[in-house]
There are 2 protein chains.
Amino acid sequence: MESPVSERVEDYLKVIYSLTTEDERASTGEIARVLQISPASVTDMIQRLAAENPPLVDYRKHQGVGLTEEGEKVALETLRHHRLLELFLHELLGYSWDQVHEEADRLEHVISEYFEERISEVLGDPEKGLYGEPIPSEELHVPVREDICLHDMRPGQRGVIQSVKDDDPGLLQYLQTNGLVPGARIEVLDYSPYDNNLHIRVKEHDQEIVLGAAVTAQIFVDLQ
Amino acid sequence: MESPVSERVEDYLKVIYSLTTEDERASTGEIARVLQISPASVTDMIQRLAAENPPLVDYRKHQGVGLTEEGEKVALETLRHHRLLELFLHELLGYSWDQVHEEADRLEHVISEYFEERISEVLGDPEKGLYGEPIPSEELHVPVREDICLHDMRPGQRGVIQSVKDDDPGLLQYLQTNGLVPGARIEVLDYSPYDNNLHIRVKEHDQEIVLGAAVTAQIFVDLQ
DNA sequence: TCCTTATTTTAGGCTTTCCTAAATTATTGT
DNA sequence: ACAATAATTTAGGAAAGCCTAAAATAAGGA
């Protein structure tokens, strides 16, 4: 009933999962940008995923995609692998923060359930990842997301902007023009301990920006 | 100059390496049997490998294949990954002997050089694998193979028959008909401590056979 | 040696996943 | 509302790996 899925399909589902929120579907273009391929290729794959039995995504022309229950299951399984691997590489093999992501992205597709179990046990069945993000449980329940101040985020962390303190209209304007609005997906690229600046990427615009503490202290983010 | 190679190509090169000896090239049919695909597919792939730049195999129609220096480098790198992974899974993650092989076969293609370094260090830069086989060094030198009596081999070990004591013509005949000749690749499947019998598989014939101590004591094997 | 049998290769095709170029559908500014 | 622009989809095609059936070659026995 559950046919195994290719590594590439896992990649697509993972991206769609991360691009999707309560009431927001993922668009062809966004997926293409994240995966660094052409939009046409994405349409192609999406249609195949929707035609699977059971379907892995819910697709309607020109209206983006969402995951079905089956698709989400696969995405969460992959995500669990990823998070456990990041922790494992850091804690047990001495990887630095910026090294773990790439390795985990390759390993997540090939480790067995047994490998997952073993490293989970060795790590003490953690519920939070290297960056504080929730790790889906073995039964693929996702713990509630945690609100964290952007100011406290560090390189490698990714999340969705949840709220912005709206005292200063000028600041709000500035944030708006840079896409730093609730719902925006961001990733911290670099941190400077000297001036407390954060170098971040705003996924929507595929744009990078450096923010000072005065700004980062006003923004709250759900870790992904 | 060194273009990266697909996982499947690594599989082919690994198999050709294991099927090749001093003066024996690997045949299309053998490779097909090991990889469980059709001979036609093997010819196809072999020809592509020979057409690479630089070529990874040395191919002449109807005369089997051998590895070029480049091809051997890739095979040894993969083999090193495999052996280190087996050791790692067993020693650090508590895998049993019969569980390590399959997992290592998948992981060997995706771990980075850094991962290799890290587990090698954690394991104390070992030179012998889980089954006593030589592990290619970081510079891809293969330690000299060790001659071991089949009688002393245990489940999971694999090797190539090197020599057979030829006192007993009847025994020789028996060994011959079962493919137990120098060059034959074998794998120990089971060991019975009560009667000292070994249950082994002869790869060439994809045939299994149980041998008593009287026989196993006469056969010498190079561990792979 | 010559014929039968076994092995290898060629030919033609299929599936995945990607591409570019062209066509279609949405969105946006006036 | 409607034209210009942006996003998406369709069409046609390529490379990697696999397959089966048929053709070519090698090996072995009388």
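By convention in this document, chain letters (A, B, ...) are assigned in the order of the sequence lines, proteins followed by strands, and residues within each chain are numbered from 1.
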Which residues share a salt bridge (Lys or Arg N to Asp or Glu O under 4.0 Å) with [X], sequence neighbours left out:
{"X": "E116(B)", "result": "R80(B)"}
{"X": "D105(B)", "result": "K14(B)"}
{"X": "E10(B)", "result": "none"}
{"X": "K61(A)", "result": "none"}

**Report entry** Bounds of contact between DNA chain D and chain B, in 5' to 3' order, using a heavy-atom cut-off under 4.0 Å
**Finding:**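 Result: dA16(D) to dA26(D).
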Report task. Quick one: list whatever passes side-chain hydrogen bond (donor to acceptor under 3.5 Å, both in side chains) with E139(A), sequence neighbours left out. Result ->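 Here the qualifying residues are S137(A).
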**Report entry** Counterpart residues, side-chain hydrogen bond (donor to acceptor under 3.5 Å, both in side chains), relative to S6(B) (two or more places apart)
**Finding:**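 With neighbours one apart ignored, the set is empty.
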Requested in this report: Would you give a per-nucleotide map of nucleotides 6-18 of chain C, 5' to 3', where B means the base has a protein non-hydrogen atom under 4.0 Å away, S means only the sugar-phosphate does, and - means neither?
Outcome: --SBB-----SBB
Query raised in the report: Which residue pairs satisfy the salt bridge (charged side-chain N to carboxylate O under 4.0 Å, His left out) criterion with at least one member in residues 174-188 of chain A, sequence neighbours excluded?
Result: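 Only E30(A)-R185(A), R185(A)-E204(A), E187(A)-R201(A), E187(A)-K203(A) qualify under salt bridge (charged side-chain N to carboxylate O under 4.0 Å, His left out).
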